[in-house]
Amino acid sequence: MSTSTASFDTLDDLDPGQRVLVRLDLNSPIEDGEPQDNRRFERHAETVRELAEAGHRVVLLAHQGRPGRDDFVSLAGHADILAAHLDREVAFVEDTYGERAVDAIEALEAEEVLLLENTRMCEDELPEEAPEAKAETEFVRALAPHFDAYVNDAYSAAHRSHASLVGFPLVLPAYAGRVMETEYEANTAIASKEFDGRVTMVVGGTKATDVIDVMDNLGDAVDNFLLGGIAGELFLRADGRPLGFDLDPEQDLYDSQWEANHDLVEGMLTERRDQITLATDLAYDDDGERAEVDVADIDEKDVSYLDVGTRTAEAYADVVRDSEAVFVKGALGVFEEEAFSVGTVTVLEAIAETDCFSVVGGGDTSRAIGMYGLNEADFDHVSIAGGAYIRALTGQPLAGVEALKRS
Ligand SMILES: Nc1ncnc2c1ncn2[C@@H]1O[C@H](COP(=O)(O)OP(=O)(O)OP(=O)(O)O)[C@@H](O)[C@H]1O
Ligand SMILES: O=C(O)[C@H](O)COP(=O)(O)O
């Protein structure tokens with residue numbers, strides 16, 4: 001056992017020259033069908049390089065997007081980005097555990113790296129089930145005999161009880177990769193911190209279901225929730241504003257999350273109204289130009305709002321300047337387009353200038369720091385994990401970490 005406080009084995013405990021199956025989290029923003037480089041590649045490359053240089057045959061598993069969404073694509077492009085970070089070849093096979101995957105695995109030489117296809121293209125990967133059930137899946141049973149060890153480096157996906165995360169540690173000796181180790185230690189330490197002054201959480205992004213659940217659990221630890229993104233719109237709708245779309249709830253990011261969360265959101269608005277700050281203006285695309293509208297003046301549905309308004313951004317920045325600790329999960333707008341980066345960048349700049357304890361998390365959100373010339377050193381912790389980091393703040397165990405501890 002290593003000296004890690006986490007009580008799981010790490011790469012320091014792994015003998016060299018083995019056949020190693022490694023779970024990374026390369027889930028990335030997709031533009032025009034192609035993955036965009038982000039700090040997940042840079043961070044995971046360190047683990048992969050260390051394993052290759054130790055003479056292992058390194059086979060990588062990762063997921064991309066969710067079935068049915070535009071970001072659900074092959075990992076072929078991810079192999080190229082990872083190869084550029086590693087400065088070594090990363091082979092790719094369009095198969096995860098079938099014959100082609102197994103042939104490619106068996107042909108691998110020491111120090112070579114192979115990426116398998118998107119795990120979520122296998123039926124066995126999703127849905128969430130207990131580790132014992134996942135260990136019994138064909139996916140795990142077919143791949144495991146070709147390996148001596150399993151390494152989980154995907155802290156940022158460890159809140160999901162999926163086959164590639166919780167199944168393998170039950171059937172192979174399992175180790176934490178370097179990203180898993182450092183993210184686990186940093187986020188666990190943050191969870192036990194105590195603050196005397198105002199604690200603020202900036203909540204945005206697209207994964208409203210994840211953040212609303214966590215907001216409910218963190219309600220006693222956080223003084224102010226500043227809302228934006230899809231979560232913010234759901235709260236505005238619960239507050240009586242005519243937001244949303246009359247689309248098929250199964251297909252739409254917004255309406256399906258409204259269906260799943262409106263009771264919880266309405267309950268939180270009733271019970272915790274003083275802690276929740278909602279946007280007073282929103283921005284939208286008006287023939288290619290940013291336009292803003294007061295929330296009080298919104299009178300029709302079916303408009304996509306892509307950022308909080310300028311007045312809201314300034315008001316949120318004022319709250320940040322008066323905070324002792326600020327946690328960010330999810331962007332306040334579609335910051336990838338400069339016109340809709342106002343909310344996210346105004347708030348990040350305020351955090352960077354304020355003498356507060358700060359954490360920015362999320363695979364997409366952390367990308368805004370580099371894109372807009374902010375200095376990572378002005379934040380206490382920039383995590384490549386989003387959902388996992390805020391879950392860790394609540395003290396709830398992460399399925400992928402627990403599975404490693406049991407190994
Ligand atoms: N109003 C909005 N409409 C559509 N997309 C939005 C809106 N506001 C923010 N976003 C998008 O949210 C994304 C970031 O949030 P997301 O929920 O994906 O998670 P994250 O913080 O990166 O964490 P994780 O690692 O859990 O994915 C950005 O890419 C941004 O474009
Ligand atoms: O990007 C993330 O937060 C992780 O890769 C998990 O992705 P998921 O929210 O689609 O499970």
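Note that the structure is predicted; figures quoted are calculated from it, not measured. Atoms within a ligand are numbered from 1 in the order they appear, just like the ligands themselves.
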- prompt: Would Pro29 count as a contact of ligand 1 if the rule is a heavy atom under 4.0 Å away?
  reply: no
query: Which protein non-hydrogen atom lies closest to atom 21 (O) of ligand 1, naming both residue and atom, and how far is it?
result: Thr365 OG1, 2.7 Å
message: Looking only at the aromatic ring of each residue, does the gap between the centers of Phe8 and Tyr184 stay below 6.0 angstrom?
response: yes
query: About how many Å separate CD of Glu42 and CG of Leu86, when rounded to the nearest 0.5 Å?
result: 11.5 Å
Point-to-point distance, once rounded to the nearest 0.5 Å, from CG of Leu226 to CD1 of Ile276: 11.0 Å
- request: Using a strict cut-off of 4.0 Å, indicate which atoms of ligand 1 neighbour a heavy atom of Gly330.
  value: 21 (O)
query: With no hydrogens and no angle check, do the side chains of Thr346 and Glu314 hold a donor and an acceptor under 3.5 Å apart?
result: no
task: Could you list the atoms of ligand 1 found under 4.0 angstrom from a heavy atom of Arg40?
output: 25 (O)
message: For a quick check under 3.5 Å, do Glu292 and Thr310 share a side-chain donor-acceptor pair by atom type?
response: yes
query: Out of Glu336, Lys329, His159, Arg367, who gets a non-hydrogen atom closest to atom 19 (O) of ligand 1?
result: Lys329
query: For ligand 1, which atoms, with element, lie under 4.0 Å from some heavy atom of Ala331?
result: 8 (N), 9 (C)
Spacing of Asn261 atom CG and Phe235 atom CZ [to the nearest 0.5 Å]: 8.5 Å
message: For Glu337, which part has a heavy atom under 4.0 Å from ligand 1: side chain, backbone, both, or neither?
response: neither
- prompt: Would Arg23 and His44 count as having a side-chain donor-acceptor pair, cut-off 3.5 Å?
  reply: no
- prompt: Does any donor atom in the side chain of Ser28 or Arg40 lie under 3.5 Å from an acceptor atom in the other side chain?
  reply: no
message: Could you check whether Thr394 and Asn217, counting side-chain N and O atoms only, form a donor-acceptor pair closer than 3.5 Å?
response: no
query: Among all protein non-hydrogen atoms, which one is nearest to atom 15 (O) of ligand 1, and what is the separation to 0.1 Å?
result: Gly205 CA, 3.2 Å
- prompt: Touching ligand 1 at all, Gly333? Heavy atoms, strictly under 4.0 Å?
  reply: yes
message: Can you report which non-hydrogen protein atom sits closest to atom 18 (O) of ligand 1, along with the distance?
response: Asp364 OD2, 3.0 Å
- request: Check each atom of ligand 1 against the heavy atoms of Glu233 and keep those under 4.0 Å away; list them by number with element.
  value: 1 (N)
- prompt: Is there a nitrogen or oxygen of Thr206 sitting under 3.5 Å from a nitrogen or oxygen of ligand 1?
  reply: yes
query: In the protein, which heavy atom is nearest to atom 1 (N) of ligand 1, and how far is it?
result: Tyr305 O, 2.9 Å
message: Suppose I only count heavy atoms of Ile230 and a 4.0 Å limit; which atoms of ligand 1 are within that range?
response: 3 (N)
field: Cation-pi geometry met for Lys193 and Phe357 (6.0 Å, 45°)
entry: yes
message: Listing request: all salt bridge (Lys or Arg N to Asp or Glu O under 4.0 Å) pairs with a residue in residues 133-156, at least two apart in sequence or in separate chains.
response: Arg19-Asp148, Glu129-Lys134, Glu136-Arg141
message: Check this for me - ligand 1, Ile384, N or O atoms closer than 3.5 angstrom, yes or no?
response: no
field: Within the protein, residues bringing a heavy atom under 4.0 Å of ligand 2, chain by chain
entry: Asp25, Asn27, Arg40, His63, Arg66, Arg120, Ser156, Arg160, Lys207
field: Main-chain N/O of Glu117 paired with Thr96 side-chain donor or acceptor, under 3.5 Å
entry: yes
task: Find all atoms of ligand 1 within a distance of less than 4.0 Å from any non-hydrogen atom belonging to Gly386, and give their numbers and elements.
output: 23 (O), 24 (P), 25 (O), 26 (O)
Heavy-atom gap Gly361 to ligand 1 smaller than 4.0 Å: yes
- prompt: Which option out of Ala231, Ala368, Gly363, Ser366 puts a heavy atom nearest to atom 25 (O) of ligand 1?
  reply: Gly363
Any side-chain donor near an acceptor of the partner, Arg321 and Thr354, under 3.5 Å: no
- request: Write out the residue and atom name of the closest protein heavy atom to atom 24 (P) of ligand 1, then the distance separating them to 0.1 Å.
  value: Lys207 NZ, 3.7 Å
- prompt: Taking Tyr155 for the side chain and Val401 for the main chain, is one N or O donor matched with an acceptor at less than 3.5 Å?
  reply: no
- request: Fit a plane to each ring of Phe41 and His78, take the angle between them on a 0 to 90° scale, and name the class: parallel (under 30°), tilted (30 to 60°) or perpendicular (over 60°).
  value: tilted
task: With atom 7 (C) of ligand 1 as the reference point, say which of Leu332, Asn38, Thr209, Val334 has the nearest heavy atom.
output: Val334
- prompt: With a 4.0 Å cut-off on heavy atoms, does Gly387 reach ligand 1?
  reply: yes
message: Any donor-acceptor pair under 3.5 Å linking the side-chain atoms of His85 with those of Asp37?
response: yes
